[in-house]
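If you're wondering where the values come from, they're calculated on a predicted model, not measured in any experiment. All values below were derived from every heavy atom in this structure, side-chain atoms included, with hydrogens, water molecules and symmetry-related copies excluded.
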Amino acid sequence: MELCFIWVDGYRGFSNKSLNLSNKLHFEFNKDDNILTISKKRPIPQEICENINSITALLGVNGSGKTRALQLICEILEGEIHNYYQFLLIYENEGKVFAFSNIEISILNKSNITKFNQIERSNSIYNRESLGVIFFSNVLDGGDRPVNGNIINTSLAHQVWGGYTDNHSLQESSNQSQLQRHSRFLTEFHSKLNTPLPSKAIFILDSPAILKKNSTNESIEKMFSICGDIFKGIPFLNIFKKASAHDKGKDEVLELFNEIAISFILKNMPELIAVNCPYYNKHVIEDSGYKARTNINTLEKLIIYLIYIIKEYCSKLRPDKRIIILNDLEFLKDDLLNTLIDGDLKVVSKSFLQTSFTIKVKNENLLSRIYKLSHIIDSSFGASKSNWLGISSGERAYLNLLSSIWYGIKNTKSRDKSTLLICIDEGDLYLHPQWQIEFVDKVISFLRTTTQQPVQLIFTTHSPLLVTDLPKQCITLLDDNRKVSSFGANIYDIYETTFGLEEKRTGTISQRYIERILNLSKQTEITESERDEIECAIDIIDDELITFHLEKRLKIL
C-alpha cells in the first residue's frame with residue numbers, strides 16, 4: 001500500500017493544502033470545482049531509491065507546516081479529523097487506486113493512466129491489516145501530538161514524556177531506558193553502521209522504591225543482611241567462587257552484585273522475599289498471594305527452598321514472562337560478575353538512596369552483556385537513569401533515530417503488515433554535515449537490512465545536503481510552487497530556490513558588512529581610513545570573487 005496524495009482544508013491553519021506523496025504521479029485538486037487532476041512524473045532511476053517504494057521530503061520556509069504535515073498524515077490515517085475538516089486521500093493498494101474523502105470529487109486524467117480511469121471510492125480510511133505506520137520526531141519541545149490506535153509513536157518527546165507505555169507505544173520497549181534500547185540495537189547493527197562505539201555506560205541505581213515506602217531503616221538493614229547471607233550460600237549462583245579469581249576490586253564488585261541481585265528479586269519475585277524475609281512489609285507479603293508450604297526456621301532451609309521457589313514461581317508465569325525471568329537469572333548466574341569486572345567497574349558515587357557506576361565499552365562483545373545488564377537494572381530499579389558517556393549529541397541522536405525505527409519495525413503492530421510507512425520529523429537534527437551528506441543513503445541501507453517489507457519514507461528537513469540526494473519527483477514544497485533545485489545541485493541553488501532564501505548566501509551580519517564595504521568601494525574617492533577599512537575587509541572576507549573585486553577597486557581609487 002502507498003499513500004499518493006492528501007488534500008485538506010482548515011486543519012490546524014492549513015487552508016486548501018495539498019501534499020503530493022507519490023514519486024510516480026502528480027496530483028492537483030481544485031477546491032472550487034472539486035476536480036482532481038492526475039499526471040505522470042518521469043520515472044526515477046532504480047539505483048537511487050532501491051528497495052524503497054517511495055521517498056518524499058516535505059520542505060518549506062519557517063512556519064510552512066512541515067511537522068504539521070506529518071501529523072496530518074498520521075491523524076488522517078487514524079480517522080482523527082474526518083468529522084472536522086474537508087479532506088481527500090488518494091492511495092494505491094494491490095494495483096488499484098482508491099479515493100477516500102468526505103467531499104464529492106471528479107477525476108481529470110491528463111496522462112490517460114489506465115488504472116485511474118476507474119478509480120474506486122473507499123468507505124474506510126485504509127486496510128489497517130496491510131499498512132504499518134511508524135512516526136519519529138527528533139524535536140523535544142513539548143509540542144508532540146500523540147497519535148492513537150495503530151500508529152507507532154517512537155518520537156523523542158514521546159520517549160521522554162510519554163514513555164512507551166500506552167496503547168500506541170512500543171510494547172517491547174516498555175519501561176526500557178534509552179541505553180537498553182541502544183545497546184540491544186548496537187549488538188545487532190554496529191558493524192553494519194560503521195559508527196563509533198560509546199566509551200562508557202553509566203548506571204544510576206535508586207534503592208528500590210518499595211523499600212523506601214514500606215520499611216523502616218532497621219528492617220531494611222536486617223532484610224539486606226538476610227538476603228546477603230542467602231545469596232552467599234546459593235549453589236547455582238556461585239558468587240564467591242567466581243569472584244575469588246579476581247583480586248582487583250573484589251569487595252566493590254561483590255557489593256554491587258548483591259545490590260543488583262537483591263533488587264531484582266525484590267521487584268520481580270516478591271514471593272521469595274515473603275518467604276525468606278520476615279521483616280518485609282506485612283501487607284506486601286499478604287498481597288503477593290504466596291502461601292509457604294512448610295515452616296522455615298533456619299538459614300539452611302531457606303537456601304534449600306530458594307531454588308525450588310524460583311522454579312515454581314516462574315512456572316506460574318506466562319511463557320513470555322517466564323522466559324525473560326529465567327534468562328535474567330541465567331545472566332545473574334553466569335555473566336553479571338564477569339561483565340562488571342571485564343568492563344572495569346568504577347563506582348562513581350554511593351549512598352543509602354542511590355548508587356552510580358560506570359562500565360567501559362571495550363569491544364562489541366561487551367555490548368550484548370551491557371544490554372542484558374541494563375535490562376536487569378531497568379526491570380529492578382526502573383528505566384531512564386542509565387545512559388552513555390563519551391558520545392556526542394549528534395551520535396546519540398543518530399543512534400536514537402535508527403534504534404527507534406528498528407524497534408518500531410519489530411513491534412507487533414508493524415512486523416506483520418505488507419507495507420510500512422515511516423514518517424521522520426527532523427531526523428538530521430544535531431548531525432554533523434558529514435553525517436547529513438550520508439543520511440539518506442544510510443537510512444535506505446539500514447531499512448534494506450532491517451525489513452523485507454516495502455517501505456514508503458516521508459521526512460522533513462532543513463538540510464540542503466539531504467536534498468542533494470533526492471530527485472525533484474521526491475520533493476514536496478509546502479509554501480508555494482517555486483522552482484525546485486535538488487538532486488546533485490549545489491547548496492547555494494538549493495538554499496535560494498528550494499528553501500526560499502532567494503539571494504541570501506551568507507549570515508545576516510556578514511551580508512550587512514559586505515554590502516557596506518561594496519558600497520564604500522563604489523565611491524569615486526575614499527579617505528585613508530576608508531582605504532584601511534577596505535583592506536581589512538579583504539583580509540577577513542573569504543569569498544574570492546568579492547575580495548578580487550575589492551582589490552581591483554583599490555588599485556583604481
Side-chain angles (χ1 to χ4, degrees), residues 159-161 163-165 173-183 198-232 237 239 243 248-270 272-273 277 279-281 284 328 331-332 335-361 366 369-391 396:
Q159 292 178 37
V160 173
W161 293 309
Y164 283 5
T165 57
S173 297
S174 179
N175 292 326
Q176 290 186 3
S177 65
Q178 192 176 81
L179 183 141
Q180 185 183 160
R181 295 192 301 274
H182 289 179
S183 57
S199 61
K200 291 180 182 179
I202 184 168
F203 298 89
I204 303 174
L205 316 181
D206 287 333
S207 297
I210 197 166
L211 291 184
K212 298 175 186 175
K213 182 177 180 181
N214 296 306
S215 303
T216 64
N217 287 344
E218 181 182 359
S219 66
I220 291 173
E221 291 174 4
K222 290 181 179 178
M223 183 176 66
F224 268 81
S225 174
I226 289 175
C227 289
D229 289 339
I230 291 171
F231 280 125
K232 289 177 187 177
L237 285 179
I239 301 169
K248 181 181 177 182
K250 180 170 64 175
D251 294 339
E252 193 173 70
V253 169
L254 289 176
E255 186 177 358
L256 188 58
F257 177 95
N258 276 346
E259 184 172 351
I260 294 172
I262 290 168
S263 297
F264 176 79
I265 296 294
L266 282 173
K267 185 72 177 288
N268 294 283
M269 292 178 282
L272 298 184
I273 303 303
C277 184
Y279 303 99
Y280 196 62
N281 182 274
V284 176
D328 288 343
F331 179 75
L332 285 173
D335 291 324
L336 177 55
L337 277 174
N338 288 334
T339 300
L340 298 177
I341 295 169
D342 294 345
D344 293 345
L345 164 75
K346 181 178 180 180
V347 175
V348 179
S349 64
K350 184 171 181 61
S351 68
F352 175 74
L353 297 177
Q354 191 177 84
T355 300
S356 62
F357 66 94
T358 60
I359 296 289
K360 288 184 179 179
V361 187
L366 267 173
R369 286 192 277 167
I370 287 175
Y371 163 68
K372 292 176 182 177
L373 174 61
S374 63
H375 179 270
I376 291 275
I377 288 174
D378 285 355
S379 65
S380 304
F381 296 89
S384 80
K385 289 195 174 181
S386 302
N387 219 321
W388 298 113
L389 297 177
I391 62 173
R396 193 186 304 277

List the residues meeting side chain to side chain donor-acceptor pair (under 3.5 Å) with Ser356, not counting sequence neighbours, and say none if there are none.
Ser349
Yes or no on side-chain contact (heavy atoms from CB on, under 4.5 Å) for Leu179 and Ile370, after CA distance, side-chain angles and deciding distance?
CA-CA 9 Å; Leu179 183 141; Ile370 287 175; 4.0 Å; yes
What pairs with Lys360 under salt bridge (charged side-chain N to carboxylate O under 4.0 Å, His left out), at least two apart in sequence or on another chain?
Asp344
Tyr371: partners by ring-ring contact (aromatic ring centres under 6.0 Å, His included), with sequence neighbours left out
none
Atom CD1 of Ile202 and atom OG1 of Thr358: how far apart are they, to the nearest 0.5 Å?
6.5 Å
Minimal non-hydrogen separation, Phe331 against Arg369, with atom names
CZ-O, 3.7 Å
What's the shortest heavy-atom distance between Ser386 and Ile204, and which atoms?
OG-N, 4.3 Å
In Å, rounded to the nearest 0.5 Å, how long is the span from CD of Gln180 to CG of Leu373?
10.0 Å
Heavy-atom side-chain contact between Leu345 and Ile359 under 4.5 Å:
yes
Give me the atom names and distance for the closest heavy-atom approach of Leu366 to Asp342.
CD1-O, 4.2 Å
How many angstroms lie between CG in Leu205 and CD1 in Ile377, if you round to the nearest 0.5 Å?
5.0 Å
Any donor and acceptor pair, going by atom type alone, linking the side chain of Ser199 with main-chain N or O of Leu389 inside 3.5 Å?
yes
